[in-house]
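Each remark here refers to the structure printed beneath this line.
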Amino acid sequence: MYPLDTLRHTAAHVMAQAVLRLWPDAKLAIGPAIKNGFYYDFDMEHRLTEEDLSAIEKEMEKIVKAEYALVREELSNSEAQELFRKLDQPYKLELLKELPEQVSVYRQGEFVDLCQGPHVDSTALVKHFKLQSVAGAYWRGDSSQPMLQRIYGTAFNTAEELQEHLKLLEEAAARDHRKLGRELDLFSIQEEGPGFPFFHPKGMVIRNTLEDFWRQEHVKRGYQEVKTPIMLHEDLWHRSGHYDNYRDNMYFTDIDEERFAIKPMNCPGGMLLYRRKLHSYRDLPLRVGELGLVHRHELSGTLHGLMRVRCFTQDDAHIFMLPSQIQDEIEGVIDLIDMVYTDVFGFPYHVELSTKPENAIGDDAMWEKATEALREALEKKNLPYVINEGDGAFYGPKIDFHLEDSLGRTWQCGTIQLDFAMPERFDLTYIDEDGQRKRPVMLHRVIFGSIERFIAILTEHYAGAFPTWLAPVQAMVIPIGESQYGYAHAVAQTLRERGIRVEIDDRDESMGKRIRAAQLQQIPYMIIVGQREAESGTISLRHRREGDLGSLELEPFVNRVLEEIAQRR
RNA sequence: GCUGGCGUGGCUCAGGGGUAGAGCAGUCGAUUCGUAAUCGACAGGUCGAGGGUUCGAAUCCCUCCGCCAGCUCCA
């Protein structure tokens, strides 16, 4: 048994060999193993289609059956150059320019590729593979370079593992929040507003419930809430550094011959609010939250349902604090994020520490200090982390929280950014004990990240079956026959008065059909009322997963639902 | 933004140079039903938009818009 990435790397070679057999003019770029499979990039006249994939797979099968040994060969760089010049493989020559004096190639049958290895011993081992898709990809990931054709595939050691993986992909497609968002009537994106989502009544229930939860937890932790304007004068964005560092993602407009920008971030507005009055050291830490709607110009090709949009709501907060409060405040945010991810949603997560990017404001010493402070907090909290070099915000380093959903996919949601630069730029001050004006330090942080994206993640995580506290409709009352309509409406009204989101399906359709409709809408509880229930003043309860739960009085049911809501289950 | 693919009723899809079709959903009627699809009828589309070719375009060509898969980027 070889490690999967070794097997997949060989699979990439087998695929390249097959492609070369079918299209001898193909120029090979690179073909590595990746997280869930492998790919190889080609430059060729023929435009690959999905149909070509099965032809390539057939050719690959021949190569597997031929059981070619993979043979490693050490060459000098110049020998390799000669080889690939002869083979007319210009991308390999370009790669060689940056490789050391001694390089290696791997051969299998008539095929040879520049490659470090390692590989499996024989093409015979690449039995369980599947080609998945064709897509464009830039040479060296650089949008100024030519676009190549990339074939994605995957490979496993056993047929079972391959099947399992393909099933997982199907499952992910079935849970796609764009599909569920339509079916459950949560949100839509119209042609008139690419990347600008519309929230439907049911989507708004989820959204408002999340926001209510957010507010409760923030009030408990001493946060205040503000709302800053969506549009502010361009001068502000020059001062904040956004104009220089973020201009390409911003929307601008004119008002009375003055230039304004729609906010891509909430912090500059937060700065203005801090500056509205003098602050004493006694006021700090000042924790100011904002559910802020930001707009960012994202490339059209990157838009993706609610996951990637052009306007979204950040559950933002800015914490202004004394330098001595940095550690406690960071830890407080880490605890809050942990509570939300772990206790409420049950998401496992990992953290990354992102350091100074190329476009950055503030000097190196400042960055060093900020990065160290974040690192210290992580270590104090005993949180293992990986470093994400150069991935910080332009105003400060950050801790990113990546949660893992029920399909094992990870999503970056929460982030904590430590910022010494903005307070400097906006000349923020507080009056210290000694009567001197001093500079506060600032934390930017989000828990959900973007409400829109978080809802998308939740939708896929739960496959549309939102827990009761979030479910847009918590109970559907289904009268069996017309004579129970009055009783059914009375039951619904009682539930409504107790704060339960209830609907009634009294359409003139069979009970089976109405149960099915409620099941498909993933409504947690169905309340069936027929003659028996109407006469005894009870309900017959069905749960979307547990099925028929038999009959009971209304009160225990109300308590059950209210308990689930209170427990956020 | 780039490469490739795709745009037909609310949804899923068929049709493919002679002037639009199914299922589901919807409406109406019959039915009044005991835990995932009762039966029937009706209604619903200038086939993404604009231009061109043609006697005739949803169908062929061009441009634009949008969507999908990637790339790049990111909450």
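In what follows, chains are A, B, ... by sequence order, proteins preceding strands, each numbered from 1.
Proximity of A/K179 to the phosphate of B/C68: no side-chain N or O atom is located under 4.0 Å from OP1 or OP2. Proximity of A/S510 to the phosphate of B/U38: a side-chain N or O atom is located under 4.0 Å from OP1 or OP2. Remark: A/R542 is not in phosphate contact with B/G34, judged by side-chain N or O atoms under 4.0 Å from OP1 or OP2.
Donor-acceptor pairing under 3.5 Å is recorded for the side chains of A/Q531 and A/Q484. Under the 3.5 Å distance criterion, with hydrogens and angles disregarded, a donor-acceptor pair is assigned to the side chains of A/H200 and A/S188. Between A/D400 and A/S354, the side chains place a donor N or O and an acceptor N or O closer than 3.5 Å (distance only, hydrogens not considered). Judged purely by distance below 3.5 Å, without hydrogens or angles, the side chains of A/T228 and A/E290 pair a donor atom with an acceptor atom. Judged purely by distance below 3.5 Å, without hydrogens or angles, the side chains of A/R140 and A/Y138 never pair a donor atom with an acceptor atom. Donor-acceptor pairing under 3.5 Å is recorded for the side chains of A/S406 and A/R175.
On the P atoms, B/G52 is 14 Å away from B/U59, given to the nearest whole Å. B/A57 sits 16 Å from B/G48 when the C1' atoms are compared, rounded to a whole Å. Across B/A37 and B/C65, the matching C1' atoms stand 39 Å from one another, rounded to whole Å. A gap of 12 Å separates the C1' atoms of B/U19 and B/U46, to the nearest Å. Look at the C1' atom in both B/C6 and B/C13: the space between them is 14 Å, to the nearest Å. With both ends at atom C1', the span from B/G21 to B/G9 equals 11 Å, rounded to whole Å. Comparing the P positions of B/A20 and B/G45 gives an interatomic distance of 13 Å, to the nearest angstrom. Rounded to whole Å, the C1' atom of B/G23 lies 15 Å from the corresponding atom of B/U8.
In this structure, A/Y395 has its ring center under 6.0 Å from that of A/H444. With ring centers used as reference points, A/Y385 lies 6.0 Å or more from A/F401. Proximity of the aromatic rings of A/Y40 and A/F38 is defined here by a centroid distance below 6.0 angstrom, and this criterion is not met.
Here B/C74 sits opposite no nucleotide as a Watson-Crick or G-U wobble pair (both hydrogen-bonding atom distances under 3.5 Å). For B/C47, there is no paired nucleotide, since no Watson-Crick or G-U wobble pair has both relevant distances below 3.5 Å. Of the nucleotides present, none pairs with B/C33 by Watson-Crick or G-U wobble criteria with both distances under 3.5 Å. In this structure B/A14 sits in no base pair that meets the Watson-Crick or G-U test at under 3.5 Å. Shown here, B/G40 forms a base pair with B/C28; the pair counts as Watson-Crick or G-U wobble because both key distances fall under 3.5 Å. Searching all strands for a Watson-Crick or G-U wobble partner of B/C60 with both distances below 3.5 Å returns B/G52. When Watson-Crick and G-U wobble pairs are counted only if both distances are under 3.5 Å, B/C6 pairs with B/G66.
Look at NE2 on A/H200: it is 13 Å from C1' on B/C11, rounded to the nearest Å. Atom CD of A/Q190 and atom C1' of B/G10 are 11 Å apart (whole Å). Straight-line distance from the CD1 atom of A/I480 to the C1' atom of B/U38: 15 Å, rounded to whole Å. The distance from atom CZ of A/F196 to atom P of B/G66 is 11 Å, rounded to the nearest whole Å.
As judged by a 4.0 angstrom heavy-atom cut-off over every strand, A/E533 is placed among the base-contacting residues. Note on A/I189: nothing from the nucleic acid sits closer than 4.0 angstrom, heavy atoms only. A/G530 comes within contact range of at least one nucleobase, with a heavy-atom separation under 4.0 Å. The residue A/Q531 sits close to a base: some heavy atom pair falls under 4.0 Å.
Sorted by first and then second residue, the side-chain hydrogen bond (donor to acceptor under 3.5 Å, both in side chains) pairs with a member in residues 453-466 of chain A read A/H177-A/E460, A/R409-A/E460; sequence neighbours excluded.
Of the residues near RNA chain B, A/H297 and A/L48, the one whose nearest nucleotide (by heavy atom distance) lies more toward the 5' end is A/H297.
Listed nucleotides B/A25, B/G34, B/G26 differ in distance to A/R507; the shortest reach to its side chain belongs to B/G26.
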Encode nucleotides 69-75 of chain B as B, S and - characters from 5' to 3', where the letter depends on protein heavy atoms closer than 4.0 Å: B to the base, S only to sugar-phosphate, - to neither.
SBBBBBB
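A 6.0 Å sphere centred on CD of A/E358 holds no more than 12 heavy atoms belonging to other residues, nucleotides or ligands.
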Expected rows: protein N/O vs nucleotides 61-65 of chain B N/O, under 3.5 Å:
none

